[in-house]
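Inspection log for the structure reproduced underneath, given as structure tokens.
Below, each value reflects all heavy atoms present in this structure, side chains not excepted, and no hydrogens, waters or symmetry copies.
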Amino acid sequence: MKQHIAHIALVVDDYDEAIAFYTQKLHFDLLEDTALSETKRWVLVAPKGATECRLLLAKAANDEQQSRVGNQTGGRVFLFLYTDNFARDYQNLLDQNIQIVRPPVVEPYGTVAVFADLYGNLWDLIEPRG
């Protein structure tokens, strides 16, 4: 049996501002943007070269969902972005004025820094060791 996680839903305030952040600041690819109704869209983004897991940008549809925007995990790091070039991608975060929550450190598993997306969700940027 072979399985993989295809999408992770990320609750957002606005489709277009979320698309702009992920495609223009993090340089993700916009893979799909399909209208499902007048208020709902199917929006998938992914890092360049990613082949399996994608982010589904899901606009908050009610007050409870709106309360989760930017804090889907209670303040813990939520998403982990692996890179083959930490220096390049960390410099991009700085150049794009993306909030750095914890500066780079070298850990036994690799080099890591924590940044916040446009809503405050925490991400690890990681270049694995070896």
Side-chain angles (χ1 to χ4, degrees):
M1 179 167 65
K2 180 180 183 328
Q3 298 177 329
H4 71 271
I5 295 174
H7 313 306
I8 295 174
L10 182 64
V11 182
V12 301
D13 272 333
D14 179 84
Y15 290 116
D16 294 323
E17 77 178 358
I19 290 168
F21 177 83
Y22 286 101
T23 61
Q24 295 171 19
K25 292 189 175 271
L26 293 184
H27 306 293
F28 283 21
D29 289 326
L30 176 62
L31 303 173
E32 186 173 349
D33 184 358
T34 302
L36 301 176
S37 71
E38 286 188 30
T39 58
K40 188 173 183 180
R41 290 157 57 182
W42 183 262
V43 178
L44 291 174
V45 297
K48 293 195 180 302
T51 59
E52 289 190 344
C53 191
R54 291 157 166 111
L55 285 181
L56 172 67
L57 303 179
K59 184 176 178 182
N62 57 44
D63 290 341
E64 185 173 355
Q65 290 176 14
Q66 186 63 44
S67 75
R68 303 304 195 271
V69 172
N71 192 17
Q72 291 185 212
T73 59
R76 290 188 57 97
V77 170
F78 176 43
L79 297 160
F80 300 81
L81 181 61
Y82 275 43
T83 179
D84 62 353
N85 187 325
F86 184 90
R88 174 198 65 214
D89 293 338
Y90 185 74
Q91 186 61 51
N92 180 66
L93 297 176
L94 297 174
D95 293 346
Q96 297 295 332
N97 296 313
I98 294 173
Q99 179 189 1
I100 304 301
V101 176
R102 285 192 288 280
V105 294
V106 176
E107 297 287 356
Y109 55 84
T111 304
V112 61
V114 179
F115 69 94
D117 69 14
L118 76 163
Y119 298 116
N121 294 299
L122 298 182
W123 288 68
D124 271 357
L125 174 66
I126 302 170
E127 181 174 358
R129 219 172 254 237

(request) State whether a side-chain donor-acceptor pair under 3.5 Å links Tyr15 with Asp33. (result) no

(request) Test Phe28 against Leu81 for side-chain contact (heavy atoms from CB on, under 4.5 Å), laying out the working first. (result) CA-CA 11 Å; Phe28 283 21; Leu81 181 61; 4.2 Å; yes

(request) Work out which heavy atom in Pro103 is nearest to a heavy atom in Ala113; give both atom names and the distance. (result) C-CB, 4.1 Å

(message) Take a 6.0 Å sphere around CD1 of Ile5 and say whether it holds more than 12 heavy atoms from other residues, nucleotides or ligands.
(response) no

(message) Treating Asn92 as the side-chain partner and Leu26 as the backbone partner, does any N or O pair qualify as donor plus acceptor under 3.5 Å?
(response) no

(request) Report the distance from atom CG of Asp89 to atom CG of Leu125, rounding to the nearest 0.5 Å. (result) 6.0 Å

(request) Go through the steps to decide whether Gln96 and Phe115 satisfy the test side-chain contact (heavy atoms from CB on, under 4.5 Å), and finish with yes or no. (result) CA-CA 12 Å; Gln96 297 295 332; Phe115 69 94; over 6 Å; no

(request) Test Leu79 against every option in Ile8, Thr73, Asn121 by the side chain to side chain contact (heavy atoms under 4.5 Å, CB included) rule and name the one that passes. (result) Ile8

(request) Measure across Glu17 and Asp13 and return the closest heavy-atom pair with its distance rounded to 0.1 Å. (result) OE2-CB, 3.5 Å

(request) Compare every heavy atom of Gln66 with every heavy atom of Ala60, then report the nearest pair and how far apart it is. (result) CB-OE1, 3.5 Å

(request) Following the transitive rule for hydrophobic clusters with a side-chain heavy-atom cut-off under 4.5 Å over Ile, Leu, Val, Met, Phe, Trp and Tyr, establish whether Phe80 and Phe86 coincide in one cluster. (result) no

(message) Do Leu122 and Leu118 sit in one hydrophobic cluster, given that two such residues count as connected whenever their side-chain heavy atoms are within less than 4.5 Å of each other, even indirectly?
(response) no

(request) Working to the nearest 0.5 Å, report the span between CZ of Arg68 and CG of Leu10. (result) 14.0 Å

(message) Rounded at 0.5 Å granularity, tell me how far CG in Asp117 sits from NZ in Lys25.
(response) 12.0 Å

(request) Begin with the C-alpha distance, continue with both residues' side-chain angles, and end with the deciding distance and a verdict on side-chain contact (heavy atoms from CB on, under 4.5 Å) for Leu57 and Arg41. (result) CA-CA 9 Å; Leu57 303 179; Arg41 290 157 57 182; over 6 Å; no

(message) Once rounded to the nearest 0.5 Å, what's the spacing between atom NE2 of His7 and atom CD of Glu52?
(response) 11.5 Å

(request) Give a yes or no on whether Arg76 atom CZ has more than 12 heavy-atom contacts from other residues, nucleotides or ligands under 6.0 Å away. (result) no

(request) Treating Ile, Leu, Val, Met, Phe, Trp and Tyr as nodes and any side-chain heavy-atom pair under 4.5 angstrom as an edge, say whether Trp42 and Val11 lie in one connected cluster. (result) no

(request) Give the minimum heavy-atom separation between Leu31 and Arg54, together with the two atoms involved. (result) CD1-NE, 2.8 Å

(message) Tell me the closest heavy-atom pair linking Ala46 and Cys53, and the distance in Å.
(response) CB-O, 4.4 Å

(message) Can you tell me how far apart CD1 (Ile19) and CD (Gln24) are? Round to the nearest 0.5 Å.
(response) 10.0 Å

(request) May I ask whether Leu30 and Val12 are part of the same hydrophobic cluster, defined by side-chain heavy atoms of I, L, V, M, F, W, Y residues being less than 4.5 angstrom apart, directly or through others? (result) yes

(request) Looking only at non-hydrogen atoms, find the nearest pair between Phe21 and Ala116 and report the distance. (result) CZ-O, 4.5 Å

(message) Assess, by modelled atom type and distance only, whether the side chains of Tyr119 and Gln72 contain a donor and an acceptor separated by less than 3.5 Å.
(response) no

(request) Please check if atom CD in Glu107 has more than 12 non-hydrogen atoms from other residues, nucleotides or ligands closer than 6.0 Å. (result) yes

(message) Membership question, hydrophobic clusters at under 4.5 Å side-chain separation (ILVMFWY): are Leu55 and Val69 in the same one?
(response) yes

(request) Apply side-chain contact (heavy atoms from CB on, under 4.5 Å) to His4 and Thr51, showing your working. (result) CA-CA 11 Å; His4 71 271; Thr51 59; over 6 Å; no

(request) For atom CG of Asn85, decide whether the heavy atoms of other residues, nucleotides or ligands shown that lie under 6.0 angstrom number more than 12. (result) yes

(message) Once rounded to the nearest 0.5 Å, what's the spacing between atom CG of Leu93 and atom CD of Gln99?
(response) 11.5 Å

